[in-house]
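Some notes on the structure that comes next.
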Number of protein chains: 2
Amino acid sequence: MTEHVSLALSAAERSCRSKGLALTPVRKRVLQLLLESQAPVKAYDLLAALKPGGGAQPPTVYRALDFLTRAGLVHRIEALNAYTACLHADGHGSAELYICEDCGQVEERHRKISGEAGPGGFLISRSVIEHYGRCSDCASAQASA
Amino acid sequence: MTEHVSLALSAAERSCRSKGLALTPVRKRVLQLLLESQAPVKAYDLLAALKPGGGAQPPTVYRALDFLTRAGLVHRIEALNAYTACLHADGHGSAELYICEDCGQVEERHRKISGEAGPGGFLISRSVIEHYGRCSDCASAQASA
DNA sequence: CTCCGGGATGTTATATTGTTGCGCCAAGGG
DNA sequence: CCCTTGGCGCAACAATATAACATCCCGGAG
Ligand SMILES: [Zn+2]
Ligand SMILES: [Zn+2]
Ligand SMILES: [Zn+2]
Ligand SMILES: [Zn+2]
């Protein structure tokens with residue numbers, strides 16, 4: 001396990017403990033898999049990665065993902081049906097994601113939490129913001145090709 | 001068929017003709033169903049609504065939706081797996097959507113087309129922006145309750 | 001200690017959403 | 001006429017997600 005993964009995992013444990021949430025083995029394992037991946041991961045790929053150590057079924061991974069997203073440790077990428085570990089291990093609510101369609105890497109910016117107003121008095125409680133394109137690495141690689 | 005629906009349909013026809021696209025009967029019917037709905041519609045609900053006039057299969061509706069979204073006449077709502085007719089019958093690329101979680105109504109704002117730059121030189125080609133909350137009607141209804 | 005209750009997980013089955021592949025046909029250009 | 005092209009019918013299937021119920025564990029009340 002690389003350095004940054006174990007760091008993120010212990011940060012997640014602290015964060016959960018402080019909120020009275022239980023970061024159980026399954027949940028921790030799912031989070032670890034997401035942290036180790038350089039790109040978003042699909043639920044059934046997580047499921048397959050869990051299989052070796054006991055035959056996991058879909059509900060197992062979906063429940064873990066549900067917990068982790070509620071805890072703010074993981075973000076769901078709506079347009080890809082995929083999941084990515086939050087880059088700010090402290091959990092922060094809503095995020096603005098930049099997803100490279102070339103290498104799959106995800107960058108993330110914080111978003112102010114809900115409560116904003118939209119047009120015509122619309123009251124926002126949650127936003128989904130996903131930008132697709134090329135990260136700077138892939139853009140320059142393509143330019144030089 | 002209400003006034004605004006038939007108006008939007010003819011606008012769509014003109015728009016397609018001008019771009020050399022074929023707004024065939026199936027596609028037109030799907031667009032009409034979306035226009036008539038006050039809330040986003042799911043693919044299989046469209047499918048069911050098409051059945052009466054000939055047994056439609058999934059590919060039929062998905063192909064029509066694909067065409068309509070490409071033509072900019074329909075927007076897919078990623079977080080709901082649902083579709084809504086574009087409120088600007090001219091087709092305009094990407095949109096910013098405000099979806100009321102109470103009544104289902106969708107408001108829409110134009111977005112400048114892609115090409116924007118994100119953080120660290122990220123080059124955006126497409127954005128998904130969906131805000132969930134309460135429209136002003138539902139917010140005031142709830143306040144008075 | 002014992003019993004109970006809630007949370008987490010296992011297990012089975014099913015629901016929902018979306019795609020592939022093939023063949024037919026009608027329109028249009030040579 | 002022949003050939004290509006795009007649109008659609010059709011059958012099967014793949015991928016994503018949830019429902020419903022059983023079991024286990026653990027900590028607190030009695
Ligand atoms: Zn985050
Ligand atoms: Zn990249
Ligand atoms: Zn629009
Ligand atoms: Zn509303």
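Labels below follow one simple rule: chain letters A, B, ... track the order of the sequence lines, proteins then strands, and each chain is numbered from 1.
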**Salt bridge B/Glu130-A/Arg126, side-chain N to carboxylate O under 4.0 Å** =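 So B/Glu130 does not pair with A/Arg126 through a salt bridge.
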Backbone N or O of [Y] within a donor-acceptor pair of the [X] side chain at under 3.5 Å?
{"X": "B/Lys19", "Y": "B/Arg14", "value": "no"}
{"X": "A/Ser10", "Y": "A/Ser6", "value": "yes"}
{"X": "B/Ser140", "Y": "B/Ser136", "value": "yes"}
{"X": "B/Ser37", "Y": "B/Leu34", "value": "no"}
{"X": "A/Arg27", "Y": "A/Ala22", "value": "yes"}

**Asked** Between D/dC8 and B/Thr60, is there an OP1 or OP2 to side-chain N/O distance shorter than 4.0 Å?
**Response**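 So the side chain of B/Thr60 is outside the cut-off, no N or O lying under 4.0 Å from OP1 or OP2 of D/dC8.
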**Request:** Just say parallel, tilted or perpendicular for the rings of A/Tyr98 and B/Phe122, cut-offs at 30° and 60°.
**Result:**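 Judged by the thresholds at 30° and 60°, the geometry between A/Tyr98 and B/Phe122 is perpendicular.
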How many Å lie between [atom1] on [X] and [atom2] on [N], as a whole number?
{"X": "B/Leu50", "N": "D/dG9", "atom1": "CG", "atom2": "P", "value": "9 Å"}
{"X": "A/Leu65", "N": "D/dT16", "atom1": "CG", "atom2": "P", "value": "13 Å"}
{"X": "A/Phe67", "N": "C/dA8", "atom1": "CZ", "atom2": "P", "value": "7 Å"}
{"X": "A/Ile77", "N": "D/dA17", "atom1": "CD1", "atom2": "P", "value": "12 Å"}
{"X": "B/Arg70", "N": "D/dG6", "atom1": "CZ", "atom2": "P", "value": "13 Å"}
{"X": "B/Gln57", "N": "C/dC22", "atom1": "CD", "atom2": "C1'", "value": "14 Å"}

**Message:** Under the rule for side-chain hydrogen bond (donor to acceptor under 3.5 Å, both in side chains), what residues qualify as partners of A/Thr84, not counting sequence neighbours?
**Reply:**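 A/Thr84 satisfies side-chain hydrogen bond (donor to acceptor under 3.5 Å, both in side chains) with no other residue.
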**Prompt:** Which residues within residues 27-47 of chain A lie with some heavy atom under 4.0 Å of an atom in DNA chain C?
**Reply:**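 Within this stretch, A/Arg27 sit under 4.0 Å of the strand.
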Please tell me which of the listed nucleotides, [options], lies nearest to the side chain of [X]?
{"X": "A/Tyr62", "options": "D/dG9, D/dT16, C/dA8", "result": "D/dT16"}
{"X": "B/Asn81", "options": "D/dA17, D/dG7, C/dT17", "result": "C/dT17"}
{"X": "B/Pro58", "options": "C/dT19, D/dA17, D/dC10", "result": "C/dT19"}

**Prompt:** Closer to the 5' end of DNA chain D via nearest nucleotide, is it B/Leu21 or A/Arg76?
**Reply:**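 The residue mapped nearer the 5' terminus is B/Leu21.
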**Asked** Apart from A/Ile129 itself, which Ile, Leu, Val, Met, Phe, Trp or Tyr residues share its cluster (side-chain heavy atoms under 4.5 Å, direct or through members)?
**Response**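 For the cluster that includes A/Ile129, the remaining residues are B/Ile129.
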**Asked** Do A/Asp137 and A/Cys103 come close enough that some side-chain heavy atom pair is under 4.5 Å?
**Response**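 Side chain of A/Asp137 against side chain of A/Cys103, heavy atoms only: no contact under 4.5 Å found.
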**Message:** I need a per-nucleotide contact map over nucleotides 24-30 of chain C, read 5' to 3'. Cutoff is protein heavy atoms under 4.0 Å; write B for the base, S for backbone only, - otherwise.
**Reply:** -------
Give every pair of a protein N or O atom and an N or O atom of nucleotides 19-26 of chain D that lie under 3.5 Å apart, one pair per line with the distance.
none

**Prompt:** Who pairs with A/Ala43 by side-chain contact (heavy atoms from CB on, under 4.5 Å), at least two apart in sequence or on another chain?
**Reply:**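 Residues passing side-chain contact (heavy atoms from CB on, under 4.5 Å) with A/Ala43: A/Tyr62, A/Leu65, A/Tyr83.
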